[in-house]
Amino acid sequence: MTVKECMSRNPVTAEASMPVLQAIGLMKEKGIRRLPVMDKGKMVGIVAMSDLLKVSPSPATSLSIHEIHYLLGKMTLRDAMSRDVVSVREDSPIEEAAVLMKDKKIGGLPVLNASGDLVGIVTETDLFKVLVAMMGSK
């Protein structure tokens with residue numbers, strides 16, 4: 001089985017210029033934990049909810065709420081994203097995706113076609129679904 005057969009197609013993406021606060025809202029609204037970051041139609045990075053939480057202020061900050069919102073309003077995904085994106089090709093075996101995710105300790109991979117365009121995302125949940133189906137549990 002290939003990644004193309006189990007990936008989620010048409011993933012939610014965001015532009016690199018999107019403010020961090022807006023991205024957090026988008027991810028909460030869509031119920032997703034990672035967001036491929038695009039610039040001029042090409043994937044330039046990926047951001048996970050955990051990345052966004054790292055750049056958010058802790059409750060122990062000495063900044064006022066207005067200062068926090070002002071600063072976060074200025075911060076974009078370009079400032080918070082991971083640039084060294086681990087990805088997988090759509091024609092790769094799902095085992096390859098699983099090994100990459102295990103070895104790199106990541107929960108999802110952007111899926112690229114032969115031209116390098118983003119066509120989907122494969123997550124640990126997608127792989128669990130395949131495993132359950134293979135075991136005949138459903």
Side-chain angles (χ1 to χ4, degrees):
M1 179 179 276
T2 64
V3 169
K4 184 177 185 176
E5 297 171 76
C6 70
M7 71 182 187
S8 300
R9 299 175 190 284
N10 303 315
V12 177
T13 63
E15 288 296 314
S17 59
M18 179 182 275
V20 166
L21 284 177
Q22 187 178 346
I24 291 171
L26 176 64
M27 293 172 80
K28 286 180 179 179
E29 173 190 328
K30 300 292 184 180
I32 57 176
R33 292 181 287 181
R34 60 199 55 79
L35 197 55
V37 181
M38 310 296 284
D39 189 22
K40 298 179 183 138
K42 289 290 183 189
M43 186 176 63
V44 294
I46 193 163
V47 67
M49 183 62 85
S50 58
D51 297 326
L52 299 180
L53 295 176
K54 286 179 192 171
V55 299
S56 297
S58 78
T61 184
S62 62
L63 297 174
S64 75
I65 192 71
H66 302 294
E67 291 170 317
I68 291 169
H69 283 288
Y70 175 78
L71 291 174
L72 282 178
K74 295 283 187 192
M75 187 176 289
T76 65
L77 292 183
R78 184 173 277 109
D79 302 316
M81 70 183 187
S82 299
R83 287 173 170 71
D84 297 327
V85 181
V86 178
S87 62
V88 67
R89 293 265 307 265
E90 65 182 340
D91 57 355
S92 300
I94 59 167
E95 297 88 352
E96 181 180 322
V99 168
L100 268 172
M101 291 166 65
K102 178 189 74 72
D103 290 349
K104 301 290 184 176
K105 296 182 170 112
I106 52 178
L109 297 168
V111 181
L112 308 177
N113 65 16
S115 302
D117 298 320
L118 179 69
V119 294
I121 194 161
V122 63
T123 65
E124 52 200 5
T125 302
D126 296 322
L127 297 179
F128 287 141
K129 288 177 185 175
V130 170
L131 179 62
V132 168
M134 289 173 60
M135 302 297 279
S137 297
K138 289 246 177 181

[X] and [Y]: same hydrophobic cluster, using ILVMFWY side-chain contacts below 4.5 Å?
{"X": "Met43", "Y": "Ile106", "answer": "no"}
{"X": "Val99", "Y": "Phe128", "answer": "no"}
{"X": "Ile94", "Y": "Val86", "answer": "yes"}
{"X": "Met49", "Y": "Val85", "answer": "no"}

Using 0.5 Å steps for rounding, measure from the [atom1] atom of [X] to the [atom2] atom of [Y].
{"X": "Ser50", "Y": "Arg34", "atom1": "OG", "atom2": "CZ", "answer": "8.5 Å"}
{"X": "Lys129", "Y": "Thr123", "atom1": "NZ", "atom2": "OG1", "answer": "7.0 Å"}
{"X": "Asn113", "Y": "Asp91", "atom1": "CG", "atom2": "CG", "answer": "9.5 Å"}
{"X": "Leu77", "Y": "Asp51", "atom1": "CG", "atom2": "CG", "answer": "10.0 Å"}
{"X": "Leu21", "Y": "Ile24", "atom1": "CG", "atom2": "CD1", "answer": "5.5 Å"}

* Stepwise side-chain contact (heavy atoms from CB on, under 4.5 Å) check, Arg33 with Glu124 -> CA-CA 11 Å; Arg33 292 181 287 181; Glu124 52 200 5; 3.6 Å; yes
Under a 4.5 Å cut-off applied to non-hydrogen side-chain atoms, are [X] and [Y] in contact?
{"X": "Ile46", "Y": "Leu35", "result": "no"}
{"X": "Met38", "Y": "Leu118", "result": "yes"}
{"X": "Leu127", "Y": "Met101", "result": "yes"}

Over all atoms of both residues, closest heavy-atom pair of [X] and [Y]:
{"X": "Ser115", "Y": "Lys42", "answer": "O-NZ, 4.1 Å"}
{"X": "Ala80", "Y": "Val20", "answer": "CB-CG2, 4.4 Å"}
{"X": "Ala23", "Y": "Leu52", "answer": "CB-CD1, 4.1 Å"}

* To do: With Val88 as reference, evaluate Leu112, Leu109, Ile121 under the side chain to side chain contact (heavy atoms under 4.5 Å, CB included) test and give the passing residue.
  =>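 Only one of Leu112, Leu109, Ile121 forms a side chain to side chain contact (heavy atoms under 4.5 Å, CB included) with Val88, namely Leu109.
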Can you give me every donor-acceptor pair (side chain of residues 2-19, partner residue at least two apart or in another chain, under 3.5 Å) with its distance?
residue	atom	partner	partner atom	Å
Thr2	OG1	Glu5	OE2	3.1
Glu5	OE2	Thr2	N	2.8
Arg9	NH2	Lys4	O	3.1

* Go through the steps to decide whether Arg83 and Met81 satisfy the test side-chain contact (heavy atoms from CB on, under 4.5 Å), and finish with yes or no. => CA-CA 6 Å; Arg83 287 173 170 71; Met81 70 183 187; 3.9 Å; yes
